Amino acid sequence: MRIVQWLLLTCMAAANCQAAATDYPSRPLRWIVPFSPGGPSDIIGRFFAAKLSDALGKQVVVDNRGGATGIIAFEIAARAVPDGYTVLQAGASGLTTNPHLHAKLPYDVQRDYRLVTQLVATPNMLVVHASLPARTVKDLLALAKARPGQLAYASGGTGTSNHLSWEMLRFYTGIELVHVPFKGTGPALASVLGGQVPMMFSNMLPAMPHVRSGKLVGLAVTSATRSAAAPDLPTVAESGIPGYETTSWHGVVVPAGTPNPVVRRLYTELRRISQAPDVRERFAQDGTQVVGSTPEEYAATVKSESAKWAKIIKAAGIRPE
């Protein structure tokens, strides 16, 4: 009898969600950002949330849920009602690295979400405080080898893109550094600006203004080719580490079970926003590529990135801190 009741309730809930999809949206949406304010996730999230609010005619409220490398936010989204009123800004750490770092997670990437679109992709930039006597990657490697285990670097948390950029560098060069994790790129970048931690791999979006102003020194970018936003800055691969390449990216997912019409509406509007020339130009200035991929293309990115980082994490012996 209980099974029959459960089936009836499930069917009724699905029917209600499908019916609600016909007049979607009829109230404000919640846009969950898995990291604290001030970092690239927050900058990207607030920009697209504002644009989506204009497109839908309903307020899209940004909800920063930082901590645990995005796990807190991912769990909230996984448990949310699948009606399209909760969207999660999802990046590499939540979708492709956490599953390889943690034996048990309170969410499952395949089971709990529907992929909507990849929003942007951007390389990280190796930046140092001006007091650090290094102006090239070669300088930095020499300094690290002369002082093994003494130099520290900041990151937005274990398993984030800016942490794994260092782990990849360690994998290729064998240098030993001290990892200082923060709850997001924003606080980590602030620590480097203040000189408390001498360096980090930062997403280019928040780092570029500080490099242009001279507050930070850029040494290299992590992409395969140089960034148009900083054409004089070499890639890490160019700097004597062939094969080194990594990028940071952000997309949108919704809880599994979200009705198809709602997913299509969100994808259509976000794709249209992504294709706008002013949007692409705004992000290009700081080295960020606007993507606006299909759900299938987004899924292919998640699959390939997951396989890549699984190898690096295993080879480097990375463990949660």
Side-chain angles (χ1 to χ4, degrees), residues 39 68-70 92-93 96-103 123-204 207 210-211 216-224 233-248 305 307-321:
T69 324
S93 59
T96 66
T97 61
N98 280 344
H100 302 297
L101 282 170
H102 302 272
N124 286 324
M125 177 186 287
L126 176 51
V127 294
V128 301
H129 190 266
S131 63
L132 192 72
R135 293 298 177 264
T136 66
V137 173
K138 185 177 180 180
D139 290 344
L140 181 60
L141 293 178
L143 192 63
K145 289 176 180 178
R147 299 162 56 185
Q150 296 180 41
L151 293 179
Y153 69 89
S155 85
T158 302
T160 57
S161 175
N162 39 41
H163 169 226
L164 293 178
S165 292
W166 284 107
E167 291 294 345
M168 184 178 283
L169 190 65
R170 182 168 73 89
F171 176 74
Y172 276 103
T173 65
I175 60 171
E176 291 298 331
L177 303 168
V178 178
H179 179 206
V180 183
F182 290 82
K183 292 183 178 180
T185 297
L189 189 59
S191 76
V192 180
L193 283 165
Q196 289 84 25
V197 185
M199 57 190 174
M200 73 176 292
F201 273 108
S202 171
N203 184 287
M204 283 190 72
H210 301 300
V211 172
L216 295 177
V217 180
L219 303 189
V221 294
T222 62
S223 47
L233 208 60
T235 66
V236 175
E238 280 183 271
S239 303
I241 309 173
Y244 186 105
E245 177 192 357
T246 179
T247 57
S248 174
E305 287 283 295
K308 178 180 79 174
W309 287 116
K311 294 178 182 178
I312 294 293
I313 289 168
K314 182 178 180 180
I318 304 169
R319 296 288 183 271
E321 297 180 12

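Remember, it's a predicted structure, so these values are computed and weren't measured experimentally.
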Steps toward side chain to side chain contact (heavy atoms under 4.5 Å, CB included) verdict (Phe171, Lys311): CA-CA 11 Å; Phe171 176 74; Lys311 294 178 182 178; over 6 Å; no
Evaluation steps, side chain to side chain contact (heavy atoms under 4.5 Å, CB included), between Leu141 and Ile241: CA-CA 11 Å; Leu141 293 178; Ile241 309 173; 4.1 Å; yes
Residues Val127, Met200; criterion side chain to side chain contact (heavy atoms under 4.5 Å, CB included); working and verdict: CA-CA 6 Å; Val127 294; Met200 73 176 292; 3.9 Å; yes
Test side-chain hydrogen bond (donor to acceptor under 3.5 Å, both in side chains) applied to Asp139 and Thr136, step by step: CA-CA 5 Å; Asp139 290 344; Thr136 66; 3.3 Å; yes
Full working for side chain to side chain contact (heavy atoms under 4.5 Å, CB included) between Arg170 and Leu177: CA-CA 8 Å; Arg170 182 168 73 89; Leu177 303 168; over 6 Å; no
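For the pair Leu140/Ile175, no side-chain contact is recorded, criterion being any heavy-atom separation below 4.5 Å from C-beta on. The closest side-chain heavy-atom distance from Leu132 to Leu143 is below 4.5 Å. Contact check for Pro181 versus His163: no side-chain heavy atoms found under the 4.5 Å cut-off. Counting heavy atoms from C-beta on, the side chains of Phe201 and Met125 never come closer than 4.5 Å.
The shortest heavy-atom contact between His210 and Leu189 is CD2-CD2, 3.9 Å. Summarising the geometry of Ala152 relative to Val180, their closest heavy-atom pair is CB-CG2, 4.0 Å, with the distance given to 0.1 Å. When all heavy atoms are compared, the tightest approach of His179 to Ser155 is NE2-OG, 2.6 Å. Minimum interatomic distance between Ala188 and Gly156 (heavy atoms only, all atoms of both residues): CB-N, 4.2 Å. Across every non-hydrogen atom of Glu238 and Pro234, the tightest pair is OE1-CA, 3.6 Å. In terms of heavy-atom proximity, Gly218 sits nearest to Leu233 at O-CD1, 3.2 Å.
The aromatic rings of Tyr244 and Tyr172 sit tilted relative to each other, their planes meeting at an angle between 30° and 60°.
Without hydrogens or angle criteria, Ser191 side chain to Gln196 main chain gives no donor-acceptor distance under 3.5 Å. The backbone N or O of Thr158 sits less than 3.5 Å from a side-chain atom of Thr69, completing a donor-acceptor pair. Proximity of a side-chain donor or acceptor of Asn162 to a complementary backbone N or O of Ser202 within less than 3.5 Å is not detected.
Rounding to the nearest 0.5 Å gives a distance of 10.0 Å between CE of Met168 and CD1 of Ile313. In this structure, OG1 in Thr235 is found 9.0 Å from CD in Glu245, a value given to the nearest 0.5 Å. Separating the CG atom in Leu101 from the OG1 atom in Thr97 is a distance of 5.5 Å, to the nearest 0.5 Å. To the nearest 0.5 angstrom, His100 atom NE2 is 11.5 Å from Ile312 atom CD1. The structure places OG of Ser248 at 10.5 Å from CG of Leu164, a figure rounded to the nearest 0.5 Å. One finds the CD atom of Glu167 at 4.0 Å from the CD1 atom of Ile318 (value rounded to the nearest 0.5 Å).
Surrounding NZ of Lys183 are at most 12 heavy atoms belonging to other residues, nucleotides or ligands under 6.0 Å away.
Side-chain contact annotation: Thr185 with Asn203, donor-acceptor N/O pair under 3.5 Å absent. Ser161 and Asn124 form a side-chain donor-acceptor contact under 3.5 Å, judged by distance and modelled atom types alone.
The side-chain contact (heavy atoms from CB on, under 4.5 Å) test with Leu126 singles out one residue from Val236, Val137, Val221, Val217, and that residue is Val137.
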